[in-house]
Amino acid sequence: MSEFALIEQFCLGIGREHPLTKLSVGDDAAIISVPNDKELAVSVDTMVEGVHFYAGTDAGQIAHKLCAVNLSDLASMGATPKWATLALTIPDYNHDWLMAFSKALDQTAKHYGVELIGGDTSRGSLTLSLNIMGLLPKGKALTRASAKVGDDVYVSNTVGDPALALRCIEGDVHIKGMNLEILREQLDRPTPQVELGKGLLNIASACIDVSDGLYGDLMHVANRSGVSIRLDVERLPVSSIYKQYMSLGGNYDLALAGGDDYQLAFSVKRDRRGEIQDLAESSNTKISKIGKVVEKGVVPVNLRFKGQPYQLNEANAYQHFGDQKVVS
Ligand code: ADP
Ligand code: MG
């Protein structure tokens, strides 16, 4: 099959069309129009077979996760997702794989209102790279850089399940049956917190999505904002399965540093906590207060457990390059 036929069959008409798209797939570049009162948020995330997913992973699952991890980056800025381009590198032509990938990509893109407007296709080791674009009200983006001393720190839903799932798959932890399936679902099908991110515009002072582990990601917020964060480990929201794992000798380390959560962690001025409660209700999202922004101290993130220092045992925060240890 020619490259053009492949693009036509699997990459055309994916996602939801927008009136702001002036030119989509088919020319040398796509053209989009950004309204005067808006800004464009742009992000890219790549998934490589053997690094981000196991060889043989279901194509539909890969497509969903590719969308979800990219949408999560836009969610943390408070942006409304609109467009994407896809760099698709495949080892050979596999009709069934492409069909399943394209179908799932279309489904997830449509669900979040994203239109696929272009890309590139080449042969090589299986690598998927999605470039995502979204709109923000001008000057209103949530960033990592503006957490203020005195703010409360929150996280959405629960953390730790995806990392726990990975440990089960790798045989380090043993959880069976239904519980393992629930965990795996959290790892394989993350839900990007797009609506929450939009709701946090005008409320949160800083925001990040938890992809590399809460501890490491909050360090980014602390460093970029020139503050420190006190994290009360006993307040971390974990699932009932995670609690079970802890009752059998597990600890909070995976919830703190395991990663792949795709939740939002954010800081909010204390006197706006009522708005956070309202947002939790209106968006039907569990939101937990997990700490405070404090004056810049010796460490960017100060881990406490019921007021005492908490020692993170494993260097769990995921880093692609180098073997930098993450310790408290
Ligand atoms: P060029 O050679 O000019 O770079 P291509 O042959 O790579 O163009 O692509 C032709 C058209 O198809 C372009 O509009 C491009 O954006 C689109 N396209 C190519 N690959 C993909 C893909 N995987 N997903 C979506 N659009 C794609
Ligand atoms: Mg090209």
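When a ligand or atom number is given, it counts from 1 through the structure's own listing order. In what follows, residues are counted from 1 in the order of the sequence shown. Any value given below was found using the heavy atoms of this structure, including those in side chains, with hydrogens, waters and symmetry copies removed.
Within the structure, the closest approach of F4 to ligand 1 falls below 4.0 Å when heavy atoms are considered.
With L135 as the fixed residue, the side-chain contact (heavy atoms from CB on, under 4.5 Å) test singles out one of I32, D37, L74, V34: V34. Residue D152 forms a side-chain hydrogen bond (donor to acceptor under 3.5 Å, both in side chains) with just one option from R273, K292, K269, and that option is K292.
Where the criterion is an N or O separation shorter than 3.5 Å, residue side chain and backbone included, L116 fails it with respect to ligand 1. Taking any N or O of T121, backbone or side chain, at least one lies under 3.5 Å from an N or O belonging to ligand 1.
Residues Y215 and D217 have side chains that never bring a donor and an acceptor to within less than 3.5 angstrom of each other. Using a 3.5 Å distance cut-off with no hydrogens or angles, the side chains of Y245 and D161 do not pair a donor with an acceptor.
Under the 30°/60° scheme for interplanar angles, the aromatic rings of H95 and F10 are found to stand perpendicular. Taking the six-membered ring where the residue is Trp, Y252 and Y310 present perpendicular rings, their angle passing 60° and hence far from 30°.
Of all atoms in ligand 1, numbered sequentially from 1 with element shown, those under 4.0 Å from a heavy atom of D28 are 3 (O). Ligand-side atoms of ligand 1 in range of V25: 12 (O), 14 (O), 17 (C), 26 (N), range being under 4.0 angstrom from any heavy atom. Close approach of ligand 1 to D120 (heavy-atom distance below 4.0 Å) involves ligand atoms 7 (O), 19 (C), 20 (N), 21 (C), 22 (C), 23 (N). The atoms of ligand 1 that sit less than 4.0 Å from any heavy atom of C11 are 22 (C), 23 (N), 24 (N), 25 (C). The atoms of ligand 1 that sit less than 4.0 Å from any heavy atom of L88 are 23 (N). Against a heavy-atom cut-off of under 4.0 Å, G26 is close to the following atoms of ligand 1: 11 (C), 13 (C), 14 (O). Residue-ligand proximity, E3 to ligand 1, at heavy-atom distances under 4.0 Å covers atoms 6 (O), 7 (O).
Smallest separation of non-hydrogen atoms from V221 and A147: CG1-CB, 4.0 Å. Annotation for F101 and A63: closest pair O-CB, 3.5 Å, computed over non-hydrogen atoms.
Of the listed options A84, S122, A87, G119, G119 places a heavy atom closest to atom 18 (N) of ligand 1.
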